[in-house]
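These notes are about the structure you will find just below.
A note on names: the letters A, B, ... follow the listed sequences, proteins ahead of strands, and every chain is numbered from 1.
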Amino acid sequence: MGTRLPLFPEQASTISAEVDHLLYFLMAVSIFFTLLIFGAIFYFAIKYRRRSEQELPHSVHTGWTLEIVWSVIPFGLTMIMFGWGASIFFRESRPPDNAMQIYAVGKQWMWKLQHMEGQREINELHIPINRPVKLLMTSEDVIHSFYVPDFRTKQDVVPGRYTTTWFEATKPGKYHLFCAEYCGTNHSGMIGWVYAMEPQKYQEWLNGGAAGSLSAAGGALFEDLACNNCHKPDGNGRGPSLVGVFGSTVKLAGGGTVRADEGYIRESILNPAAKVVEGYMADMPTFQGLITEENVVQLIEYIKSLGPRPGQGQPGQAAPAIAGSIPSNR
Amino acid sequence: MNTAAVQERTNYLNESYGLKSWLLTKDHKRIAVLYFITISVFFAMGGVFASLIRTELLTPPGDLVSSETYNKLFTMHGVIMVFFFLIPSVPATMGNFFLPIMIGARDLAFPRINLLSWYLLIVGGALAIFAMVAGGVDTGWTFYTPYSTTYSNSYVIATALGIFVAGFSSILTGLNFIVTVHRMRAPGMTWFRMPLFVWANYATGVIQVLGTPVIAVTLVLVFCERVFHIGIFDPALGGDPVLFQHLFWFYSHPAVYIMVLPAMGVISELVSTFSRKPVFGYGFVAFSSMAIAVIGFLVWGHHLFVSGQSLYAGLVFSFLSYFVAIPSAIKVFNWTATLYKGSISYATPMLYAFGFIGLFTIGGLTGLFVASLGMDVHVTDTYFVIAHFHYVMVGGTIMAYLGGVHYWWPKMTGRMYPEGWAKLSALIVFIGFNLTFFPQFILGYLGMPRRYHAYPDEFQVLHVLSTAGASVLAVGYLMPAIYLFWSLRYGEVAGANPWGAPGLEWQTASPPPTHNFDKIPVVTQEAYDFSKVAGEVIEVG
Amino acid sequence: MSGHVHEHIDSTKTYVVVLLALLVATVVTTLVAFVDLGNFSVVVALLIAVCKMMLVALFFMHVRYSTRLTKLVLIGGLLWLAILLLLTLTDFATRGWLNTAGK
Amino acid sequence: MASEVHNAHVESLALREQFDTEEQQKDASTLGMWIFLITEIMFFGGMFAAYTIYRSAYPTVFAIASSSLNVTVGAINTCVLLLSSFTMVMAVRAGQLGQRKMIVFFLILTLVFGCVFLGVKAYEWTEKYEEHHMPGQAAFHLEGTPLQGPAKIFFSLYFAMTGLHAAHMVVGVGLLSVIIFQTMKGKFSADYYTPIDISGLYWHFVDVVWIFLYPLLYLIDRHLPK
Ligand code: HEA
Ligand code: HEA
Ligand code: CUA
Ligand SMILES: [Cu+2]
């Protein structure tokens with residue numbers, strides 16, 4: 001080991017090739033201008049080298065034309081760079097609706113990953129190829145960053161909120177997983193592997209793992225924590241019924257609405273008073289400090305599974321955008 | 001014969017003697033020398049840290065130092081190099097020395113404030129050094145919360161305070177320059193007769209004055225979070241750590257232009273002098289400095305593309321980032337065009353200027369890579385970014401700094417440096433630099449994350465190249481340190497105008513007298529008018 | 001002597017009037033805060049504050065008689081403050097627009 | 001005394017060697033002060049940015065927390081500060097007219113108002129401490145909201161902003177003391193009163209900051225039922 005000298009990372013996701021193509025364009029522009037400048041310097045430096053200590057060159061007239069030409073051409077090129085980069089970024093930012101969801105929790109200094117079906121992994125992530133995978137991520141302490149170079153994806157993982165990234169692996173294999181945001185002493189040890197597998201292999205792997213899906217674990221927690229005392233399916237408790245809440249638009253006390261996404265459910269559990277449902281008192285206790293981010297994830301999945309279309313994971317994106325400018329995830 | 005002449009004339013160096021005459025001086029030239037000594041020490045410190053970093057990275061496992069130590073090394077390397085070396089570098093030394101002379105003033109507008117700002121740098125530096133000696137600091141030079149506020153148990157407070165104090169040094173320097181340029185120009189020295197070096201330092205002053213206070217207050221907040229446990233960035237309270245990043249980069253992006261604009265000013269002087277021609281497109285180059293200063297404030301969010309900032313903010317900041325590239329491009333093209341039909345000399349400063357133009361071009365162009373959203377997601381926080389900014393800061397600013405030091409050395413000391421050695425070291429620096437940092441572009445694109453103490457085996461070859469380059473680079477930097485020191489005593493005595501340059505600083509003696517001119521000059525011509533100087537060798541008056 | 005030829009000296013009366021205006025504005029802004037204006041209460045409070053600032057700057061700080069440069073410096077400072085606030089808001093105000101957590 | 005002689009050909013002692021004329025010197029000082037003031041705008045600007053973000057994120061908590069501040073005391077203190085600005089500008093005016101006694105008189109008044117302001121501030125802070133409204137306190141608690149986190153953020157901002165403002169006041173008080181002393185020693189006249197002038201600029205600036213802090217901290221949605 002240690003003697004291989006690769007020059008490009010592997011193209012192992014759908015977006016990899018796109019990023020590489022952008023790279024080729026950027027490199028072409030850069031090489032062109034670098035050669036132009038270096039070439040001009042060398043050429044002029046040799047051609048016009050000082051031949052006598054007394055010589056005084058004629059001064060060359062400055063014109064607007066030249067200045068405009070060499071401003072406008074680079075500007076046009078940069079706008080291509082902007083547009084191209086932005087369009088890739090848009091695709092990188094919006095997970096497809098059919099993406100399979102996995103939760104990631106960063107913690108000094110490990111990655112904890114949880115599959116819907118209940119498998120939990122540390123510093124390893126198994127995924128099927130040819131299927132978009134969406135990661136919903138948060139951190140228990142400081143900022144980390146989930147980075148898989150061969151997929152060309154990276155996203156910071158921020159404490160106190162959820163962030164998302166997604167990718168679709170195209171080649172089976174074993175890929176580096178790095179923490180890319182400095183997070184303290186063992187930052188360089190916060191690494192792992194992503195295993196991209198053929199779908200059946202992935203299925204086998206899933207079946208081989210621990211039983212009990214995330215939502216089942218969440219269901220058990222829901223009882224252990226006595227959530228069900230207040231949240232009754234028929235809505236006759238002190239709190240609202242949670243059936244069908246996920247993905248709906250919730251009316252808040254004091255006006256305004258909010259879309260009930262993962263961020264909102266998380267906030268409702270950890271900081272219930274932040275957004276109070278219309279018609280209820282703010283007397284849900286906070287569970288901050290009592291449960292881990294992983295527990296929160298399980299509860300979220302349980303609440304999702306209560307939805308009108310149980311078992312489907314993501315009940316559509318049909319909900320209207322949030323009114324007002326207060327971000328839904330804070 | 002010349003030796004005697006120099007000895008007899010009183011100048012700023014021999015006007016008075018003794019430590020006190022230096023420590024209480026109000027002469028901008030002496031203060032510049034004080035700065036020069038101070039930041040050289042800081043550069044050497046930062047360089048030692050860099051050497052340790054590179055040595056550790058020679059092998060994949062973290063074997064030379066512990067990971068705590070490694071983290072402290074790159075933090076202190078970044079902090080020292082940025083806040084205590086590169087930000088003061090060109091303005092506080094060459095700017096301080098030559099800005100007043102170049103506009104025909106006797107001194108800066110506020111000499112006492114100038115001295116104060118040197119003392120502030122010393123106090124800030126002392127605090128930072130205290131933090132290092134006491135145990136170091138490990139947050140990275142970016143101090144991201146909540147790590148810096150809650151989790152790190154290193155000397156964050158002392159370091160933050162040190163940077164805070166040094167920040168005021170920078171503010172006061174900028175303020176002094178702005179007022180001086182507005183109020184102290186010699187008769188006839190109109191705005192468009194000012195040398196481009198003055199324009200560049202003026203633009204830098206604007207950034208220093210408008211940007212630095214924001215990082216000052218941000219560090220005050222970090223300080224208060226650690227000391228008084230208030231919680232403005234604390235996610236546990238509902239605070240937002242990304243807000244810290246906005247405030248930090250509001251300053252620290254413009255700060256990269258604090259680091260490069262004055263260097264660009266130096267390059268304009270060098271390119272003109274050593275091609276004996278006015279800088280091509282003078283007005284464009286002057287205005288591009290101002291444009292960079294202004295637009296530089298609109299792009300900070302490009303450091304936050306994957307931070308959890310909103311997508312739309314990412315779009316806005318990426319878009320705006322490309323607008324700073326244009327004034328930089330204008331400068332590069334105009335410098336190159338200046339060479340056209342010039343009378344080009346290969347003196348050492350000019351070699352550094354060539355180095356600057358080439359390396360800044362590469363560094364700047366890779367800045368365009370990271371400003372492109374889809375690309376940055378992949379390369380942010382990898383060695384690609386490390387390579388980008390070392391190309392602009394080391395390949396750019398330090399090249400210009402060294403070029404400037406060689407160019408003005410005869411004026412500042414009255415002695416020439418040894419040309420042969422200087423040319424050799426310029427070559428070594430250029431080669432060593434590229435060997436150190438070019439492999440890092442490849443490393444970065446391969447996915448090598450930055451701030452990694454240990455790394456996977458397949459990255460080793462490129463890391464070894466980089467470390468080898470750093471050793472060459474270290475030799476290249478050590479040589480000037482030695483021969484410049486040597487030249488103070490043994491260097492050839494320099495005349496008033498060894499380069500045949502037209503700037504006002506070359507019209508006065510080398511070294512200049514305390515109030516710069518025997519008689520305040522009256523300016524009647526454009527900047528860079530070589531017709532007066534070419535052909536006639538001006539002897540010490 | 002050149003030092004004070006161009007100096008404008010305001011009358012005591014001017015200063016007293018400005019002071020009274022400032023005090024009245026303080027009272028007004030306090031009282032108006034107790035009135036329910038919905039989202040407009042911030043706007044009103046800031047408008048009054050801006051007026052007070054203008055009074056202090058123009059009269060007490062002599063901006064009225066200052067050079068163009070001084071005015072430019074002042075406007076520049078406020079403009080930069082606006083850059084800081086507005087561009088920071090481009091992030092915070094558009095969070096959640098994409099219905100994807102963290103984008 | 002030398003500096004009182006009005007003679008067009010006598011150079012004032014106050015002209016420093018780097019300047020050609022007194023006018024140039026005064027212009028430079030004034031410009032320098034103004035530039036310093038815009039750095040101050042940006043310095044407070046960082047806090048205002050944080051304030052803006054958090055107030056829009058937690059409007060109700062901010063309203064509740066703001067209502068817990070003592071508005072009467074805040075209003076009175078605002079008036080005290082405005083008065084001090086008035087006396088300051090009167091001192092500058094006396095400087096313009098060369099009335100040394102009046103300079104001293106008004107500067108001392110300004111100083112007194114400044115100290116009153118600081119005294120009241122200190123009183124308010126102790127009150128906050130006793131009410132457990134100081135973010136560093138373990139017993140921190142704001143009545144009326146379960147959202148203690150954002151409430152802490154409000155008070156963090158409150159203490160950071162008023163604290164920094166007070167620090168500027170302390171510097172201002174120091175400045176005033178120095179120029180009072182210098183005036184009494186006869187340093188200033190109608191020809192040279194630049195230090196008074198630029199200290200005045202600083203003092204008014206600090207006043208302007210408070211003009212914004214007062215409504216932003218004390219007057220958020222006061223109409224809401226407590
Ligand atoms: C001297 C310092 C300096 C300078 C001048 C620059 C200049 C530029 N920088 Fe750089 N940058 C840094 C220092 C600097 N930078 C540092 C220290 C960091 C990292 C901090 C950290 O995270 O620790 C950083 C990081 C950084 C990032 C964030 C990367 C990340 O963390 O993911 C970005 C993103 O946009 C960026 C962009 C740019 C751009 C567009 C320019 C432009 O100004 C460049 C303009 C120049 C040119 C374009 C070249 C000349 C032009 C031509 C030859 C003509 C041809 C031109 C065209 C085709 C347009 N820089
Ligand atoms: C001005 C800024 C500056 C300068 C000059 C340098 C110079 C160098 N830097 Fe650094 N660097 C940064 C700014 C700078 N750097 C910053 C901001 C970071 C990010 C930190 C962070 O992540 O928080 C960084 C990070 C950084 C890293 C990444 C660490 C990591 O992420 O894990 C590396 C790795 O190779 C590196 C290497 C080098 C090298 C080899 C040099 C060489 O050029 C140094 C060569 C110099 C010497 C070897 C000194 C020899 C000379 C003498 C001893 C002369 C003596 C002189 C006198 C006596 C007068 N730097
Ligand atoms: Cu986690 Cu770096
Ligand atoms: Cu930047």
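- Heavy atoms closer than 4.5 Å to chain D are found in the side chain of B:Phe250, but not in its backbone.
- Across D:Ile41, D:Leu157, D:Leu147, the residue that shares the most heavy-atom pairs under 4.5 angstrom with chain B is D:Leu157.
- Each of B:Ile232, B:Leu221, B:Asp107, B:Thr212 has some count of heavy-atom pairs under 4.5 Å with chain D, and the biggest count is that of B:Ile232.
- Salt bridge absent: D:Lys152 and B:Asp234 never bring a charged side-chain N and a carboxylate O closer than 4.0 Å.
- Looking at B:His515, only its side chain comes within 4.5 Å of chain D, counting heavy atoms on both sides.
- Between D:Phe212 and D:His165, the distance from one ring center to the other does not fall under 6.0 angstrom.
- For B:Leu210, the parts lying under 4.5 angstrom from a heavy atom of chain D are both the backbone and the side chain.
- Using a cut-off of 4.0 Å between Lys/Arg side-chain N and Asp/Glu carboxylate O, D:Glu124 and D:Lys121 are scored as salt-bridged.
- Across B:Leu175, B:Leu247, B:Val214, the residue that shares the most heavy-atom pairs under 4.5 angstrom with chain D is B:Leu175.
- Taking the six-membered ring for Trp and the full ring otherwise, D:Tyr58 and D:Phe62 have centroids separated by 6.0 Å or more.
- A cation-pi arrangement, defined by a distance under 6.0 Å to the six-membered ring centre and an angle within 45 degrees of its axis, is absent between B:Lys26 and B:Phe110.
- If you measure heavy-atom distances from D:Phe44 to chain B, you find no contacts under 4.5 Å at all.
- For B:Tyr202 and B:Trp191, the gap between ring centers is short of 6.0 Å.
- No close placement of the D:Phe36 and D:Phe205 rings is indicated, their centers lying 6.0 Å or farther apart.
- Using a 4.5 Å cut-off between heavy atoms, B:Ala105 makes no contact with chain D at all.
- For chain B, the nearby parts of D:Ala28 are the backbone and the side chain; heavy atoms of each come within less than 4.5 Å.
- Here D:His133 and D:Trp125 keep their ring centres 6.0 angstrom or further from each other.
- With a 4.5 Å cut-off on non-hydrogen atoms, B:Leu108 touches chain D through its backbone but not through its side chain.
- Contacts of B:Leu243 with chain D are made by side-chain atoms alone, with heavy-atom separations under 4.5 Å and no backbone atom involved.
- Contacts between B:Pro100 and chain D at a heavy-atom distance below 4.5 Å are absent for every atom of the residue.
- Within the 4.5 angstrom heavy-atom criterion, no atom of D:Phe159 approaches chain B.
- Here the closest non-hydrogen pair linking D:Met169 and D:Leu81 is CE-CD1, 3.5 Å.
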